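Since this is a predicted model, take the numbers as computed values, not measurements.
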Amino acid sequence: AWITSFKEKLPFALTGAQEKALRDIRADMASPRPMNRLLQGDVGSGKTVVAAAAAGMAIANGAQSAFMAPTSILAEQHLQTLRGLLPSILEIPVESIQLLIGATPEAEKARIREGLDSGDIKVVVGTHALIEDPVSFHRLGLAVIDEQHRFGVHQRAALRAKGANPNLLVMTATPIPRSLAL
């Protein structure tokens, strides 16, 4: 029902490829094994809306989501997209979706870390700041890494280690052979 509501409230129809990706992600997230999926598509092909739907599934099931991007500009773009899509559909406050980047003021970082630890923040979007200590999550259910080729193996593992084996969705427009092999 949630996915139907999500698609109905979008200002556009999903493409066939987006629908297939969403079905695959839904099946992965329903599995007892954590998802480890690569979502590949050209710039502007709608990877973020598919990732937003995956985040919505996690949130609807009581978990949190983290989106890690390589630059603060991309992180801010994801924040705006997610704040535009998820609050009305999930009936969550827009403030439960936050941005955590290196330039975030220390007082704000402390407030965000507290909200992540308590579970009040449902989605956090950020840069490498997400993998720094003392960032901890109440229940991280989905880790999304955009432009995954811009992060090292240890950085991707560090985000996933913030949860108890969360689902992982990595997104790229330019997959590298190592990523495809993984």
Side-chain angles (χ1 to χ4, degrees), residues 1-15 18-19 21-26 28-30 35 37 39 41 43-105 107-127 129-131 135-147 159-160 162-163 166-171:
W2 183 88
I3 293 170
T4 301
S5 175
F6 176 82
K7 291 191 292 189
E8 287 173 353
K9 291 182 180 180
L10 287 174
F12 51 85
L14 294 178
T15 67
Q18 290 169 324
E19 289 276 6
L22 196 51
R23 280 193 304 273
D24 291 345
I25 289 168
R26 183 176 179 206
D28 286 349
M29 291 178 74
M35 173 176 68
R37 181 165 292 276
L39 183 60
V43 173
S45 65
K47 296 181 298 287
T48 304
V49 75
V50 173
M57 286 184 244
I59 295 164
N61 285 285
Q64 297 165 292
S65 297
F67 280 66
M68 188 165 70
T71 66
S72 57
I73 292 171
L74 185 55
E76 289 173 14
Q77 288 174 343
H78 285 318
L79 177 74
Q80 295 308 315
T81 299
L82 295 169
R83 281 185 167 178
L85 291 173
L86 296 177
S88 64
I89 299 168
L90 287 168
E91 297 179 1
I92 59 173
V94 73
E95 297 80 28
S96 67
I97 303 172
Q98 289 292 319
L99 178 71
L100 182 62
I101 58 176
T104 303
E108 179 88 359
K109 283 182 183 177
R111 187 187 60 72
I112 292 170
R113 287 191 299 258
E114 185 178 300
L116 289 170
D117 195 46
S118 70
D120 290 339
I121 294 177
K122 306 300 181 197
V123 180
V124 64
V125 183
T127 56
L130 296 178
I131 58 176
V135 174
S136 65
F137 292 82
H138 178 71
R139 185 173 172 229
L140 181 62
L142 175 67
V144 178
I145 302 174
D146 196 9
E147 293 192 26
L159 180 59
R160 199 168 198 179
K162 296 283 183 179
N167 293 294
L168 178 66
L169 179 64
V170 294
M171 304 189 304

Going by atom type alone, with no hydrogens or angles, which donor-acceptor pairs under 3.5 Å involve a side-chain atom of residues 6-15 and a protein atom two or more places apart or on another chain?
{"unit_1": "Lys7", "atom_1": "NZ", "unit_2": "Glu19", "atom_2": "OE1", "d": "3.0"}
{"unit_1": "Thr15", "atom_1": "OG1", "unit_2": "Gln18", "atom_2": "N", "d": "3.1"}
{"unit_1": "Thr15", "atom_1": "OG1", "unit_2": "Gln18", "atom_2": "OE1", "d": "3.3"}

Checklist entry - Roughly how far, to the nearest 0.5 Å, is NE2 of His138 from CG of Leu116? => result 11.5 Å
Checklist outcome for this item: By side-chain contact (heavy atoms from CB on, under 4.5 Å), Ala55 pairs with (sequence neighbours left out) Ser65, Phe67, Leu86, Leu142
Item to check | Listed partners of Arg111 passing salt bridge (Lys or Arg N to Asp or Glu O under 4.0 Å), at least two apart | outcome: Glu108
Next on the checklist: Checking Asn61 now: which residues fulfil side chain to side chain donor-acceptor pair (under 3.5 Å) with it, not counting sequence neighbours?
Outcome noted: none
Checklist entry - Can you name the nearest heavy-atom pair linking Ala66 to Phe137, along with the distance? => result CB-CZ, 3.9 Å
Checklist entry - CG of Asn167 to CD1 of Ile25: how many Å apart, nearest 0.5 Å? => result 10.0 Å
Checklist outcome for this item: Residues Leu85 and Ala52: closest non-hydrogen pair is CD1-CB, 3.9 Å
Item to check | Rounded distance (nearest 0.5 Å) linking atom CE of Met68 with atom CG of Leu74 | outcome: 11.5 Å
Next on the checklist: List the residues meeting side-chain contact (heavy atoms from CB on, under 4.5 Å) with Ala63, not counting sequence neighbours, and say none if there are none.
Outcome noted: Ala58, Arg139
Next on the checklist: Taking side chain to side chain contact (heavy atoms under 4.5 Å, CB included) as the criterion, tell me which of Leu169, Val144, Asp146 meets it with Leu39.
Outcome noted: Leu169
Next on the checklist: Once rounded to the nearest 0.5 Å, what's the spacing between atom CG of Leu168 and atom CZ of Arg160?
Outcome noted: 4.5 Å
Item to check | Set of residues satisfying side chain to side chain donor-acceptor pair (under 3.5 Å) with respect to Thr4, sequence neighbours excluded | outcome: none
Next on the checklist: On a heavy-atom basis, which atom in Thr127 and which in Ser72 lie closest, and how many Å separate them?
Outcome noted: CG2-N, 3.6 Å
Checklist entry - How many angstroms lie between OG in Ser96 and CD1 in Ile59, if you round to the nearest 0.5 Å? => result 7.0 Å
Next on the checklist: Testing the basics here: between Ile121 and Ile112, what is the closest heavy-atom pair and its distance to 0.1 Å?
Outcome noted: CD1-O, 3.5 Å
Next on the checklist: Suppose we screen for side-chain contact (heavy atoms from CB on, under 4.5 Å). Which residues come up paired with Asp24, at least two apart in sequence or across chains?
Outcome noted: Lys20, Arg37
Checklist entry - Atom CD1 of Ile3 and atom CE of Met57: how far apart are they, to the nearest 0.5 Å? => result 4.0 Å
Checklist entry - Mind checking what makes side chain to side chain donor-acceptor pair (under 3.5 Å) contact with Ser88, not counting sequence neighbours? => result none
Next on the checklist: On a heavy-atom basis, which atom in Leu100 and which in Ala129 lie closest, and how many Å separate them?
Outcome noted: O-CB, 3.8 Å
Item to check | Lys47: salt bridge (Lys or Arg N to Asp or Glu O under 4.0 Å) partners, not counting sequence neighbours | outcome: none
Checklist entry - Excluding sequence neighbours, so at least two apart, what forms side-chain contact (heavy atoms from CB on, under 4.5 Å) with Glu114? => result none
Checklist entry - Tell me, which pairs form a salt bridge (charged side-chain N to carboxylate O under 4.0 Å, His left out) where one or both residues lie in residues 67-93, sequence neighbours left out? => result none
Next on the checklist: Let's go through Lys162 and Val135 carefully: what are the C-alpha distance in whole Å and the side-chain angles of both, what is the deciding distance for side-chain contact (heavy atoms from CB on, under 4.5 Å) to 0.1 Å, and is it a yes or a no?
Outcome noted: CA-CA 8 Å; Lys162 296 283 183 179; Val135 174; 4.1 Å; yes
Item to check | Closest contact, heavy atoms only, Ala75 versus Ile101 | outcome: CB-CG2, 4.3 Å
Checklist entry - Side chains of Gln64 and Val124: does their closest heavy-atom pair fall under 4.5 Å? => result no
Checklist outcome for this item: Sequence neighbours excluded, the answer for side chain to side chain donor-acceptor pair (under 3.5 Å) partners of Gln77 is none
